Amino acid sequence: MTQEELFKVLVAHCKEYGFIFPSSEIYDGLAAVYDYGQMGVELKNNIKRYWWEAMTRLHEDVVGIDSCVFMHPKTWVASGHVAAFNDPLIDNRDSKKRYRADVLIEDYLAKIEEKMNKEVAKGRKRFGDAFDEAQFRATNPNVLREQAKYDEVHARYKAAEDANDLAAYKQIILDCEIVDPISGTRNWTDVRQFNLMFSTQGSNTSGSDDVLYLRPETAQGIFVEYLNVQKTGHMKIPFGIAQIGKAFRNEIVARQFIFRMKEFEQMEMEFFVRPGTEMEWFEAWKKARMAWHVALGMGAENYRFHDHEKLAHYANAATDIEFNFPFGFKELEGIHSRTDFDLGNHQKLSGKKIQYFDPDLGESYVPYCVETSIGVDRMFLAVLSHSYRVEELEGGDSRVVLGIPAPLAPVKVAVLPLVKKDGLPELAQEVVNELKYDFAYQYDEKDSIGKRYRRQDAIGTPFCVTVDNDTLVDRTVTLRDRDTMEQVRVPISELRSIIDKKVNMSNLLRKL
Ligand code: ATP
């Protein structure tokens with residue numbers, strides 16, 4: 001499925017079942033801003049709980065905080081965001097639309113790749129079993145021509161990126177004859193740097209000192225609270241501080257659904273270590289974070305590390321955990337060894353000593369730091385896009401199922417009286433009372449039982465419990481499994497423990 005096709009299907013499904021709505025839809029929406037609905041908020045909260053408990057409960061040396069979106073403006077000077085948190089932007093004078101110059105070039109390169117892949121597919125069809133892809137790519141004149149074009153543009157693009165050369169970006173766009181997808185013209189402005197931070201005005205004083213930024217990452221809240229947490233918590237290095245919270249970036253994007261938004265949520269953890277030990281911790285956190293993902297059961301083969309070739313000036317190692325979204329492997333989480341860049345700069349700019357006295361070494365130093373940073377919304381998209389499937393059933397019927405990992409599912413169990421009479425709704429309420437203290441549930445008595453099962457499949461409910469006339473006699477119910485659609489008869493008294501085995505988050509945490 002292409003990105004566009006998948007997003008179309010997911011956007012419609014998310015809206016129909018109360019997971020995600022385009023923000024301010026009654027006013028025709030707001031680009032790259034989305035609201036979570038009644039189902040979405042449950043899934044999102046479960047993702048956050050899984051991360052929070054894995055971080056702060058399973059790691060004795062990691063504690064949490066909740067810092068504010070607004071911070072002293074000097075924070076963002078120290079972090080480098082005021083000077084360098086930029087995207088190269090270009091406008092088309094005819095459509096009046098704004099684009100990221102790097103994205104236009106990357107899309108152009110992707111089109112060349114697509115052409116080559118089409119040639120390869122043709123070759124495979126023509127030669128059948130005898131097809132040798134490597135040989136075909138090395139000899140087919142069409143592929144060779146496209147590959148040469150790709151290599152040339154790619155090399156120029158990387159050079160422009162490394163040198164931050166805005167004129168070079170523009171020249172590539174002109175030379176490749178890249179047109180605006182809307183106006184179809186090449187009437188481009190120059191490329192300019194555009195800072196991604198949103199700003200607003202404080203009310204204390206006037207003037208530029210009074211600019212307040214909406215944080216573009218939660219991490220800086222952790223760095224400025226480092227001393228407070230270390231002192232009040234009597235924390236000994238190595239230790240970590242975790243935080244979940246909103247971040248804001250003025251992203252210029254088109255049609256990326258919740259993969260890239262202007263307002264999003266991050267789950268970040270900064271782990272402070274003795275200088276010189278950061279590489280060990282970098283490796284340890286890579287392992288721990290990968291294990292967290294794989295434990296969800298969405299397939300180890302769907303994750304990979306992508307090491308950064310070009311490191312940010314503050315990092316001495318960096319990798320992404322990429323997830324195999326239906327539109328390809330894309331960044332889900334970043335793991336960075338950030339040295340003493342952040343704490344060191346805050347120390348310089350604030351004039352406050354931010355150091356740790358290491359009793360084992362008998363000396364003080366600015367700690368080094370390893371960061372793990374994952375977007376809640378991107379994780380949500382990973383879970384949702386992986387879980388969404390349409391299954392053909394016997395008799396020509398089909399069902400849409402969200403095979404969400406059970407501990408993350410928004411609703412764990414649905415309680416359904418077979419009919420709305422004969423005392424079955426009352427009995428079903430008894431079952432609800434038995435289950436409601438442990439599990440998020442839905443009670444549903446509308447429509448045929450088949451329709452109700454479909455509704456629960458579509459929101460990913462792992463279990464349905466049906467109460468029927470036999471229940472009146474023997475206090476047993478039908479328990480239906482979302483994935484296998486298997487139905488078994490079980491006593492009401494055993495429901496809790498059967499459901500718990502599959503949906504309880506502590507069982508997931510135990511795998512880590
Ligand atoms: P990208 O290269 O995709 O822009 P990034 O490298 O800028 O991401 P980081 O600054 O490392 O991202 O942020 C950490 C994580 O926060 C990312 O891995 C991603 O999951 C999430 N994230 C970043 N920007 C956005 C956004 N605009 N919308 C949703 N999630 C985001």
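Just so we're clear, the structure is a prediction, and the values are computed from it rather than from any experiment. In each ligand, atom 1 is the first atom listed, and ligand 1 is the first ligand listed.
Between E268 and ligand 1, no N or O atom pair is found at a separation short of 3.5 Å. On a distance-only criterion, I374 and ligand 1 share no N/O pair closer than 3.5 Å. In terms of polar-atom proximity, I258 is not counted as a contact of ligand 1, lacking any N or O under 3.5 Å from an N or O of the ligand.
Here F272 and Y226 bring their ring centres to under 6.0 angstrom of each other. Between H306 and F329, a ring centre-to-centre spacing not shorter than 6.0 Å is recorded. Annotation: Y34 is in aromatic contact with F257 [ring centroid separation under 6.0 Å]. The distance between the ring centers of F327 and F325 falls below 6.0 angstrom.
Closest non-hydrogen pair, V82 versus V77, comes out as CG2-N, 3.8 Å. Considering all non-hydrogen atoms of both residues, D180 and Y99 come closest at OD1-OH, 2.5 Å.
The protein heavy atom nearest to atom 29 (C) of ligand 1 is F259 O, 3.4 Å. If you check which protein heavy atom lies closest to atom 10 (O) of ligand 1, you get R249 NH2, 2.9 Å. For atom 4 (O) of ligand 1, the nearest non-hydrogen atom of the protein is R260 NH1, 2.6 Å.
Interface of S373 with ligand 1, defined as ligand atoms under 4.0 Å from a residue heavy atom, comprises 13 (O), 14 (C), 15 (C), 18 (O). For ligand 1, the atoms sitting less than 4.0 Å from at least one non-hydrogen atom of M261 are 26 (C), 27 (N), 28 (N), 29 (C), numbered in the order shown with element in parentheses. Ligand 1 places these atoms under 4.0 Å from at least one heavy atom of E251: 24 (N), 26 (C), 27 (N).
Only the side chain of E331 comes within contact range of ligand 1, with a heavy atom under 4.0 Å; no backbone atom does. When non-hydrogen atoms are compared, ligand 1 lies under 4.0 Å from the backbone of L332 (N, CA, C, O) but not from its side chain.
Applying the side-chain hydrogen bond (donor to acceptor under 3.5 Å, both in side chains) test to every pair with at least one member in residues 275-288, sequence neighbours left out, gives these pairs: E278-N316.
Selection from Q266, E217, R378 by nearest heavy atom to atom 13 (O) of ligand 1 gives Q266. Residue F264 holds the heavy atom nearest to atom 30 (N) of ligand 1 of all those in F380, F257, F264.
Heavy-atom distances between E333 and ligand 1 reach below 4.0 Å in at least one pair.
Look at K115 and E119 and you find no salt bridge, because none of the NZ, NE, NH1 or NH2 atoms lies under 4.0 Å from a carboxylate O. Using a 4.0 Å cut-off between charged nitrogen and carboxylate oxygen, D87 and R98 do not count as a salt-bridge pair.
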